[in-house]
J.: 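Once you've had a glance at the structure underneath, I'll fire off some questions.
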Amino acid sequence: LDWEWLEAEREFRRAIKLDPEYALAHRFYGFLLGSLGRFEESIADAVRWLGYAWGAHRYHASDYYDDLYRFAEWFIGQGLAYVDSQSAEAMRATRGTLTEAGRESPWRHRTPAENLDLFRRMRAGEFPDGAHVLRLRIDMASPNLNLRDPAIFRIRHASHHRTGDKWCIYPLYDYAHCISDALERITHSICTLEFEDHRPLYDWVIERLADGGLLERPLPQQIEFARLNLTYVVLSKRRLIQLVEGGYVDGWDDPRMPTLVGARRRGFTPEGFRLFAERIGVSKSDAWIDMSVLEDAMRDELNASAERRVAVLDPVKLVVDNYPEGESEACDAPNHPQKPELGRRELRFGRELWIDREDFAEAPPKGYFRLAPGTEVRLRHAYVVRCTGVEKDAQGNVTVVRCTYDPTTKSGTAGAEARKVKGNIHWLAASDAVEAEVRLYDRLFRVPFPGARLPWGQKEAGVPPAVLALARVSWQSGR
């Protein structure tokens with residue numbers, strides 16, 4: 001990872017380590033938004049929204065830059081690190097492969113004095129970006145590529161959002177991560193499985209420092225578990241950045257994005273994430289979780305906790321011909337059908353109502369129990385009505401559905417049970433309803449495994465329109 005991500009990643013990992021449940025629920029929904037200067041507060045806001053807090057344990061990798069530099073000088077003095085002046089391309093070419101050992105750098109045998117002088121000059125800003133890197137001297141023939149003299153400091157002439165221009169060399173992730181854990185007295189460092197091959201380097205660094213008396217024992221242990229692979233999304237930060245910068249989505253808080261800010265806009269809840277975590281558990285083996293599992297968890301949580309309100313997404317007018325013009329009455333509805341303690345609300349019933357267009361069919365299919373010519377349904381919390389006819393425009397579209405109501409069947413009265421009908425539909429009084437814009441979003445990608453059959457960026461991995469439908473709806477907030 002580039003050093004710009006280091007602060008954000010470290011901050012998020014600190015939050016994860018405070019609570020195992022947090023680690024389960026949010027090993028995927030930890031993506032951030034904004035520029036580097038906003039990473040920290042974005043994470044803090046997300047963690048607070050999830051119901052967690054650092055308390056006194058809010059740390060930054062940059063808190064330890066002086067220690068990380070001091071330890072690097074110690075490694076140099078012990079002959080365990082050297083300044084390499086090869087180009088990045090040359091380093092890649094000599095690193096070797098999984099089946100071939102790497103080749104030593106021509107600068108690997110510089111003396112500790114030479115290395116220390118160069119490293120201090122790197123810190124002083126004498127060299128341009130990429131001129132030198134500091135590498136650990138471990139084993140270029142190791143079967144683990146991460147132990148083939150990994151780089152631990154590089155030159156980067158850039159301001160840091162917390163330390164300003166104090167540094168022009170920055171530690172790389174594998175080096176900073178393990179040392180920061182040890183300095184913070186972390187016992188178990190939780191990572192995903194892609195870091196399993198990095199564990200030998202994690203242990204090598206802190207073991208050498210502990211042997212030299214620079215770190216206290218016991219040392220932290222790195223523990224890996226499988227990342228959450230969720231269908232219909234991508235988890236790579238680089239690909240998410242491409243979606244944002246390419247204009248495929250409306251930003252990091254687009255409701256389809258796998259970000260906490262996006263999930264919040266979509267209406268997901270912290271409790272839903274915890275329920276999702278409980279259901280999927282933790283594994284040491286990679287697996288794919290279908291998006292429907294997350295959606296079901298959110299739906300179940302909202303079903304249990306959310307108060308009910310009515311919205312008619314695609315309204316068509318329903319006229320009750322035998323109801324007096326200019327009159328209306330109150331219908332009583334619970335705020336939650338299973339929680340009477342949440343109280344009740346009033347819905348106004350009158351001659352002209354809105355119903356959803358999909359709740360009426362002029363030629364209904366078999367098994368259709370909603371409103372159709374000659375059939376009866378119950379208007380939820382109100383009366384039983386019978387469809388008597390329709391009105392259409394010049395194009396043949398239904399504009400008005402006409403019906404009559406049975407005044408003896410009002411919900412909550414003794415007569416309500418006298419008439420049994422199979423269909424219940426929702427409605428709103430035209431006089432009380434207000435218009436609102438509802439944005440109907442689908443999943444992030446059209447296919448469950450984006451890029452699996454066609455290369456990333458081609459049509460199959462394409463993103464559907466940011467807004468699939470804009471509905472002018474009628475709705476009533478309730479009282």
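The first residue in the sequence is number 1, and the count goes up from there.
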J.: Hey, does Phe195 have a side-chain heavy atom less than 4.5 Å from the side chain of Tyr202?
T.: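 No - every pair of side-chain heavy atoms lies 4.5 Å or more apart.
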J.: Is any side-chain heavy atom of Met257 closer than 4.5 Å to one of Leu240?
T.: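 Contact flag for Leu240/Met257 side chains = yes.
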J.: Do side-chain atoms of Arg185 reach the backbone of Glu216 as a donor and acceptor pair under 3.5 angstrom?
T.: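 Present.
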J.: Is the shortest heavy-atom distance from the side chain of Arg279 to the side chain of Asp296 under 4.5 Å?
T.: yes
J.: So, Arg345 side chain and Pro334 main chain: donor-acceptor pair closer than 3.5 Å or not?
T.: yes
J.: Are any side-chain N or O atoms of Tyr69 and backbone N or O atoms of Ile169, one a donor and one an acceptor, separated by less than 3.5 Å?
T.: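 The answer is no, because no donor-acceptor pair under 3.5 Å joins these two groups.
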J.: So that I know where these two stand, are Tyr173 and His177 an aromatic pair - ring centroids less than 6.0 Å apart?
T.: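 Yes - the distance between ring centres of Tyr173 and His177 falls below the 6.0 Å cut-off.
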J.: Give, for atom CG of Leu50 and atom CZ of Phe273, the distance between the pair rounded to the nearest 0.5 Å.
T.: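 Answer for the CG-CZ pair, Leu50 versus Phe273, is 7.0 Å.
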J.: Give the intermediate values and the outcome of side-chain contact (heavy atoms from CB on, under 4.5 Å) for residues Met140 and Arg103.
T.: CA-CA 6 Å; Met140 288 301 294; Arg103 302 192 303 276; 5.8 Å; no
J.: Would you say the side-chain atoms of Arg95 pair up with the backbone N or O of Arg148, donor to acceptor, closer than 3.5 Å?
T.: no
J.: For the ring pair Phe119 and Phe153, is the centre-to-centre distance below 6.0 Å?
T.: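 Distance test on ring centres: under 6.0 Å, yes.
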J.: Looking only at the side chains, is there a donor atom on one of Arg370 and Asn424 sitting less than 3.5 Å from an acceptor on the other?
T.: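 No, because no side-chain N or O of Arg370 sits under 3.5 Å from a partner of the opposite role on Asn424.
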J.: Quick one: pull up SG in Cys168 and CZ in Arg123 and give me the separation to the nearest 0.5 Å.
T.: 9.0 Å
J.: Can you confirm whether Met298 sits close enough to Arg266 that some side-chain heavy atom of one is under 4.5 Å from a side-chain heavy atom of the other?
T.: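 Sidechains of Arg266 and Met298: no contact.
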J.: Determine whether a donor-acceptor pair (N or O, by modelled atom type, separation under 3.5 Å) exists between the side chain of Thr97 and the backbone of Thr99.
T.: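 Side chain of Thr97 to backbone of Thr99: a pair is present.
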J.: Can you tell me if Lys339 uses its side chain to pair, donor with acceptor, with the backbone of Ala304 under 3.5 Å?
T.: yes
J.: State, without any angle test, whether Gln395 and Asn397 hold a side-chain donor-acceptor pair at a distance under 3.5 Å.
T.: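 Asn397 and Gln395 do not have a side-chain donor-acceptor pair below 3.5 Å.
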J.: Are the side chains of Arg110 and Ser85 in touch, meaning some heavy atoms are under 4.5 Å apart?
T.: yes
J.: What distance do Arg443 atom CZ and Arg256 atom CZ have between them, rounded to the nearest 0.5 Å?
T.: 13.0 Å
J.: So, does Asp432 use its side chain to make a donor-acceptor pair with the main chain of Leu347 at under 3.5 Å?
T.: no
J.: Would Glu301 and Ser305 count as having a side-chain donor-acceptor pair, cut-off 3.5 Å?
T.: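 On atom types as modelled, these side chains qualify, holding a pair under 3.5 Å.
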J.: What's the separation between atom CZ in Arg199 and atom OG in Ser189, rounded to the nearest 0.5 Å?
T.: 11.0 Å
J.: Going by distance alone, is a donor N or O of one side chain under 3.5 Å from an acceptor N or O of the other, for Asp149 and Tyr82?
T.: yes
J.: Donor-acceptor check, side chain of Thr259 to backbone of Asp253, threshold 3.5 angstrom: yes or no?
T.: no
J.: I'd like to check Val83 versus Leu134 (side-chain heavy atoms, cut-off strictly below 4.5 Å). Are they in contact?
T.: yes
J.: Does Leu183 reach the side chain of Leu215, with side-chain heavy atoms less than 4.5 Å apart?
T.: yes
J.: So, Asp63 and Arg162, do they make that salt bridge, N to O below 4.0 Å?
T.: yes
J.: Between Arg439 and Asp254, is there a salt bridge with N-O shorter than 4.0 Å?
T.: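 Looking at Asp254 and Arg439, the cut-off is not met.
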J.: Find the distance between CH2 (Trp427) and CG (Asp359) and round it off to the nearest 0.5 Å.
T.: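 Between atom CH2 of Trp427 and atom CG of Asp359 there are 14.0 Å.
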J.: Residues two or more places apart in sequence or in another chain: which of them pass side-chain contact (heavy atoms from CB on, under 4.5 Å) with Asp286?
T.: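 Asp286: side-chain contact (heavy atoms from CB on, under 4.5 Å) contacts with Leu193, Ala226, Arg227, Asn229.
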J.: Charged N to carboxylate O below 4.0 Å: is that the case for Glu207 and Arg217?
T.: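 Salt bridge flag = yes for Arg217 with Glu207.
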J.: Can you tell me how far apart CG (Leu294) and CZ (Arg299) are? Round to the nearest 0.5 Å.
T.: 10.0 Å
J.: Taking only residues at least two apart or on different chains, which pairs with a member in residues 69-78 satisfy salt bridge (charged side-chain N to carboxylate O under 4.0 Å, His left out)?
T.: Asp67-Arg70, Glu73-Arg120
J.: Taking the side chain as every heavy atom from C-beta outward, state whether Ile179 and Phe71 have any pair of such atoms under 4.5 Å apart.
T.: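 Side-chain contact under 4.5 Å: yes.
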J.: Ignoring hydrogens and geometry, is there a side-chain-to-backbone donor-acceptor pair from Glu114 to Thr111 under 3.5 Å?
T.: yes
J.: Looking at Ala306, is its backbone amide N or carbonyl O close enough to the side chain of Arg308 to form a donor-acceptor pair, meaning the two atoms are under 3.5 Å apart?
T.: yes
J.: By side-chain contact (heavy atoms from CB on, under 4.5 Å), which residues pair with Ala361, not counting sequence neighbours?
T.: Pro364, Tyr368
J.: Could you verify whether a donor N or O on one side chain and an acceptor N or O on the other, from Ser292 and Asp290, lie under 3.5 Å apart?
T.: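 Ser292 vs Asp290: donor-acceptor pair found between side chains.
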J.: Are Tyr65 and His160 an aromatic pair by the rule of ring centers under 6.0 Å?
T.: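 Yes, the ring of Tyr65 comes within the 6.0 Å limit of the ring of His160, centre to centre.
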